[in-house]
Amino acid sequence: MRWITLLGRTGTVILMVGLALVLVSLPPPASPSQSSHAGSMWPEEYRIHHSGVYRPQTGFQISVESTDNIRVYLLGVSPLEFDNWKTQIREAYPDLGHMLDDFFVVPLIFVREAYPDLDDPQIEDILDIMWNIAVLEKGLQTHPEIVLWESPPSSTLSHEFLPADVLYITFIVANPSPDRVEVETKTKDLTVLAPKERVVLPAVLLISIGIALAIPWLILRKVKRSTL
Amino acid sequence: MGKGRPFLEVFTCALNEDYRFPILEILVFLCALCTFVLGGLAAVSGFTTGEAFTHNIVSSSTLPLIILVVIPILKNIAYGLGSDIEKGITQTLFSYPLKRGYILTAKLLSALGIPLLLFLGISIFGLFLLFPDIILANPDTVFLTYAAQLSPVLLAAGLLLLLALRLKRGVLALITGLGLCIVLFVIFDAIVNSLAYTTGSDWSLKIYAVITPNLALQEYYLGTILGFTHKIWVPSFSEVLLYLLAGYLLVALVFTIGYVYFKRGLRI
């Protein structure tokens with residue numbers, strides 16, 4: 001009887017933890033802030049429309065509208081790799097001043113991949129080549145592992161994104177066409193208390209184990225009460 | 001018959017008395033829910049990275065300590081032990097072939113050990129589930145934060161034990177204990193911060209950090225980000241360790257007095 005009670009109470013405790021997990025995963029993602037960006041893009045050019053560090057609890061929803069087909073890329077770099085890239089950029093291009101902040105790290109790494117022989121360039125030299133779509137393509141060829149999502153060519157698209165790990169995310173819009181394109185992007189930050197993909201399986205396991213352990217004790221308790 | 005069986009007997013009795021169904025389950029549910037919600041909110045706020053961020057997440061998720069540990073301490077140690085002495089149950093337990101120290105250990109294991117075990121289990125499980133990378137990157141910060149957060153709770157448990165043994169009345173010990181906890185951890189906190197702010201001196205913070213080493217740890221990790229006190233006092237890491245050691249020495253002293261009093265001074 002004591003063992004059944006001990007296991008039963010352990011089961012009810014495990015069940016409660018599982019239920020709390022389910023409850024915490026139920027609220028839909030909240031959207032505390034929104035930003036939009038509109039402008040024209042030159043032929044065969046790409047631009048960063050949003051970037052920053054995201055965790056499994058934070059993500060964003062993007063919607064893009066344009067006058068011609070464009071491509072959207074979501075790139076994710078681990079913080080460790082990002083720091084490594086930052087160091088490489090600072091060593092390779094020491095004279096770039098304000099361009100050495102986080103925002104330019106990914107495009108500058110792409111420049112370095114596309115033009116490995118570029119020696120001690122000035123800001124103007126870099127700006128001439130940095131936003132060229134060929135540079136982006138070369139960078140993506142060299143680092144295919146950082147592409148988290150790539151849209152098909154489209155003039156209207158929407159995508160919701162919550163990273164699985166802590167990542168430095170760069171949201172890129174590229175204009176592959178030979179014409180100028182007007183692009184409007186809206187970025188809505190999303191926050192969740194607990195990411196569903198991490199929580200659901202452990203919650204199901206905990207609830208199942210909890211019920212399995214608690215049932216014999218609950219039955220015994222009921223029988224004992226009815227006999228009294 | 002060895003000491004193991006009577007010890008288990010006393011421990012089981014205490015468990016049955018302390019955690020009637022579904023009190024424990026409700027506390028666990030609330031604690032788990034608060035751990036996941038507060039941990040999630042701390043991650044979303046994410047105003048910094050590295051050790052300070054880890055400290056922020058862990059200390060936010062340890063707030064449910066109040067639910068799962070402080071409430072059982074008040075109920076089981078202050079009220080429970082006081083009532084046991086008042087009703088003569090402790091006297092019955094003294095007739096067991098067991099030293100008084102073991103009886104108190106069995107009682108404390110049930111009243112304090114079980115909630116602490118459950119709290120740590122839920123909290124560590126929740127943190128590993130939601131932030132495995134952050135937690136694994138700074139295990140020393142996680143350990144220090146838990147140690148610092150638990151120190152004042154253990155001190156409160158020790159003081160409530162002394163109160164229950166001295167007053168020998170359940171309700172009286174509960175009310176006095178509740179008052180003592182509010183004075184020590186709410187009113188003193190406000191007074192200490194006001195003093196530090198108005199006088200610009202760090203001595204009040206330093207004295208209070210012996211009782212609550214989590215203040216020193218918080219100032220160390222977040223002093224440059226949170227509030228005004230960082231201008232007054234930013235302790236070094238070795239200072240934080242000293243405050244932690246002093247806090248646990250104080251806890252050990254209070255429990256030692258409790259044990260000595262229970263073994264030699266308690267007249268029923």
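Worth saying up front: this structure is predicted, and the values here are computed from it rather than measured. All values below come from the heavy atoms of this structure, side chains included, with hydrogens, waters and symmetry mates left out. Sequence lines set the chain letters: A, B, ... in the order given, protein chains first and strands last, and positions in each chain run from 1.
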* **Any B/Leu130 side-chain heavy atom under 4.5 Å of A/Val199 side chain** => yes
* Structure fact -> Max heavy-atom pairs within cutoff under 4.5 Å with chain B, candidates A/Leu15, A/Asp189, A/Val166, goes to A/Val166
* Would you list the pairs meeting ring-ring contact (aromatic ring centres under 6.0 Å, His included) in which at least one residue belongs to residues 14-37 of chain A, sequence neighbours left out? => A/His37-A/His49
* Interatomic distance, B/Leu33 atom CG to A/Leu19 atom CG [nearest 0.5 angstrom] -> 10.5 Å
* Structure fact -> d(A/Arg2 CZ, B/Asn16 CG) to nearest 0.5 Å is 8.0 Å
* What residue pairs, at least two apart or across chains, pass side chain to side chain donor-acceptor pair (under 3.5 Å) with a residue in residues 102-128 of chain B? -> B/Asp18-B/Ser110, B/Asp84-B/Lys107, B/Thr105-B/Tyr259, B/Ser123-B/Tyr146
* Okay, side chain of A/Arg9, backbone of B/Tyr19: is any donor-acceptor separation there less than 3.5 Å? -> yes
* Asked: For A/Pro202 and B/Leu129, which heavy atoms make the closest approach, and how far apart are they?
  -> CG-CD1, 3.4 Å
* Asked: Got B/Phe36 and A/Leu193 here, is their nearest side-chain heavy-atom distance under 4.5 Å?
  -> no
* Asked: How about A/Arg198 and B/Phe131: do any of their side-chain heavy atoms sit closer than 4.5 Å?
  -> no
* Asked: Does the side chain of B/Phe29 come within less than 4.5 Å of A/Val13's, by heavy atoms?
  -> no
* When rounded to the nearest 0.5 angstrom, what is the spacing between OG1 in A/Thr5 and CZ in B/Phe21? -> 12.0 Å
* Which region of B/Leu118, side chain (C-beta onward) or backbone (N, CA, C, O), has a non-hydrogen atom less than 4.5 Å from a non-hydrogen atom of chain A, or is it both or neither? -> side chain
* Between chain B and each of A/Asp165, A/Leu6, A/Val192, A/Val17, count heavy-atom pairs under 4.5 Å; write down the option with the most. => A/Val17
* Asked: Tell me, side chain or backbone of B/Thr35 under 4.5 Å from chain A's heavy atoms, or both, or neither?
  -> neither
